Amino acid sequence: MSSETKTCCASRGASTPAKVAAKPASTKVAANGAAPLPRDCVRVPGGRALVGTANAIIPADGESPLTERRVKPLDWERGTVTVAAFRRFVESTGYVTEAERFGWSFVFYTHLPEGLPDTLGVDGLEWWRKVDGATWAMPQGPQGDPARDDHPAVHVSWNDATAYARWAGGRLPQEHEWEHAARGGLGDVRFPWGDREPDDDHFQPCNIWQGNFPHENTCADGYASTAPVISFEPNGYGLYNMVGNIWEWTAAPFRVRSLKKTARNADSGGAQRLLKGGSFLCHASYCYRYRIAARTGNTPDSTSSHTGFRVVYSV
């Protein structure tokens with residue numbers, strides 16, 4: 001596998017154990033659900049937003065070119081949506097996630113609970129295992145530990161995230177809004193804290209992999225899996241974990257910006273949705289996507305143990 005296509009992301013499409021075997025029921029949210037938890041937001045100012053990079057590390061992902069967009073002020077949740085917040089949504093509306101409807105989701109192989117029967121893996125990405133009963137509430141499956149309230153809600157599809165955001169009175173951010181917020185007022189930088197590279201020994205400003213992926217994780221940053229949504233240092237706008245920890249769904253379709261419009265349409269057809277930020281499984285040697293300009297896509301019904309979301313609100 002070339003360096004341009006290596007990814008820690010859960011596989012998609014025909015290479016995954018097929019999720020198309022059963023059509024999910026309606027994912028509409030009940031209109032009489034209780035109000036969401038109080039918003040824990042910071043105001044991100046509007047202005048000139050930089051999007052992408054002039055020095056692409058993974059050109060095939062469409063990281064280039066570096067462009068400018070105008071953005072309006074938005075209220076951003078300081079962290080991604082927590083398990084506690086997602087539970088309130090579920091209890092208030094009766095919502096059933098797509099992982100629950102399909103009956104399984106992807107879990108990283110080192111996080112499988114002891115005694116779990118043999119699981120199916122993804123061809124070429126064998127560290128992703130199909131675990132029956134893995135959900136936002138039981139991220140390792142029924143034999144594992146319950147999800148922690150202050151950790152991010154994972155095993156959440158784009159469809160699930162959109163439903164939650166609508167219930168909460170907000171929405172998922174667009175890519176240019178996400179990059180503007182992640183830069184924290186620093187301009188053309190690689191990371192939310194600047195340009196200094198994380199390493200395996202001395203500098204761990206975010207929750208990513210340390211060691212030899214996928215066989216050895218030293219956990220020098222303190223976490224083998226997800227960290228609480230409010231952890232590490234915030235960026236200049238007061239936002240936590242904009243890179244690392246979990247991939248964040250956005251409102252945008254995944255398209256390669258550097259292609260001409262006709263080629264972009266043929267490339268994705270809008271079938272995949274854009275994710276930003278990387279996750280606790282990223283490392284510079286394999287999936288160097290915990291950079292602000294980095295990006296990936298997945299189908300809107302895909303779920304895994306390192307994918308969640310963040311909500312924004314109009315001012």
Side-chain angles (χ1 to χ4, degrees), residues 8-12 16-17 19 24 37 77 79-91 95-122 125-161 163-164 206-209 213-214 217 219 221-231 240-241 244-249 275 277-282 287 298-311:
C8 62
C9 304
S11 187
R12 61 186 75 89
T16 66
K19 279 196 175 182
L37 291 168
E77 294 280 2
T80 54
V81 171
T82 64
V83 169
F86 200 80
R87 179 181 297 110
R88 182 172 175 85
F89 163 61
V90 169
E91 292 176 348
Y95 187 86
V96 179
T97 63
E98 291 194 299
E100 292 170 294
R101 295 181 190 278
F102 289 123
W104 64 273
S105 187
F106 285 114
V107 178
F108 193 70
Y109 82 105
T110 60
H111 300 157
L112 300 180
E114 292 185 8
L116 190 71
D118 289 343
T119 55
L120 294 175
V122 177
L125 299 171
E126 284 78 11
W127 46 83
W128 283 115
R129 313 305 295 183
K130 175 182 178 287
V131 175
D132 292 339
T135 68
W136 65 271
M138 300 296 295
Q140 298 169 295
Q143 295 93 338
D145 297 325
R148 300 177 183 179
D149 279 359
D150 61 344
H151 281 236
V154 295
H155 297 296
V156 174
S157 72
W158 182 88
N159 295 319
D160 300 331
Y164 176 100
C206 62
N207 181 18
I208 55 175
W209 188 281
F213 184 88
N217 186 0
C219 304
D221 58 17
Y223 300 98
S225 182
T226 59
V229 301
I230 305 299
S231 56
Y240 289 81
N241 292 309
N245 213 26
I246 60 167
W247 281 100
E248 299 182 22
W249 289 110
L275 296 118
S279 80
F280 60 84
L281 296 176
C282 285
C287 180
N298 216 333
T299 54
D301 64 349
S302 294
T303 60
S304 68
S305 58
H306 72 339
T307 303
F309 66 106
R310 189 182 307 247
V311 178

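Worth saying up front: this structure is predicted, and the values here are computed from it rather than measured.
The minimum heavy-atom distance between Ile246 and Pro152, with the atom names listed, is CD1-CB, 3.5 Å. Scanning both residues, Ser105 and Ala134, for their nearest heavy atoms gives CB-O, 3.5 Å. Of all heavy-atom pairs spanning Ala99 and Thr303, the tightest one is CB-OG1, 3.9 Å. The two atoms that bring Arg87 and Asp149 nearest to each other are NH1-OD1, 2.8 Å, heavy atoms only. Here the closest heavy-atom approach between residue Asp221 and residue Cys206 is recorded as OD2-O, 3.5 Å. Scanning all heavy atoms of the two residues, the minimum distance from Tyr109 to Pro214 falls at OH-O, 2.6 Å.
Residues Ser231 and Asn241 have side chains that bring a donor and an acceptor to within less than 3.5 angstrom of each other. Thr299 and Asp301 share a side-chain donor-acceptor pair at under 3.5 Å. In this model, a donor atom of one side chain and an acceptor atom of the other lie less than 3.5 Å apart for His151 and Thr226. Donor-acceptor pairing under 3.5 Å is recorded for the side chains of Asp160 and Tyr95.
Looking only at side-chain heavy atoms (C-beta outward), Glu98 and Asn159 come within less than 4.5 Å of each other. Side-chain contact between Gln140 and Asp145 is present, with heavy atoms from C-beta onward closer than 4.5 Å. The shortest distance between side-chain heavy atoms of Ser305 and Trp128 falls below 4.5 Å. Tyr223 places a side-chain heavy atom less than 4.5 Å from the side chain of Pro228.
Expressed to the nearest 0.5 Å, how far CH2 of Trp209 lies from SG of Cys287 amounts to 12.0 Å. Atom CH2 in Trp249 sits 5.5 Å away from atom OG in Ser302 (nearest 0.5 Å).
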Check: Step by step, would you call Glu248 with Arg310 a salt bridge (Lys or Arg N to Asp or Glu O under 4.0 Å)?
Finding: CA-CA 7 Å; Glu248 299 182 22; Arg310 189 182 307 247; 2.8 Å; yes

Next item on the list: Tell me, with the steps shown, if Leu112 and Val107 meet side-chain contact (heavy atoms from CB on, under 4.5 Å).
Entry: CA-CA 7 Å; Leu112 300 180; Val107 178; 3.8 Å; yes

Check: Under the side-chain contact (heavy atoms from CB on, under 4.5 Å) criterion, do Val156 and Phe86 qualify, and how do the steps go?
Finding: CA-CA 10 Å; Val156 174; Phe86 200 80; 4.2 Å; yes

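Remark: of the listed residues Asn298, Leu281, Thr307, Thr307 is the sole one forming a side-chain contact (heavy atoms from CB on, under 4.5 Å) with Trp247. Each of Phe89, Tyr164, Trp158, Trp136 was compared with Phe309 under the ring pair (Phe, Tyr, Trp, His ring centres under 6.0 Å) criterion, and only Tyr164 meets it.
The closest donor-acceptor contact from the side chain of Gln143 to the backbone of Leu116 lies at 3.5 Å or more, if one exists at all. With hydrogens and angles disregarded, a donor-acceptor distance shorter than 3.5 Å links the side chain of Arg129 to the backbone of Thr119. Glu100 places a side-chain N or O within donor-acceptor distance of the main-chain N or O of Thr97, the cut-off being under 3.5 Å.
Note on ring orientation: taking the six-membered ring where Trp is involved, the planes of Phe280 and His306 are perpendicular (angle over 60°, cut-offs 30° and 60°).
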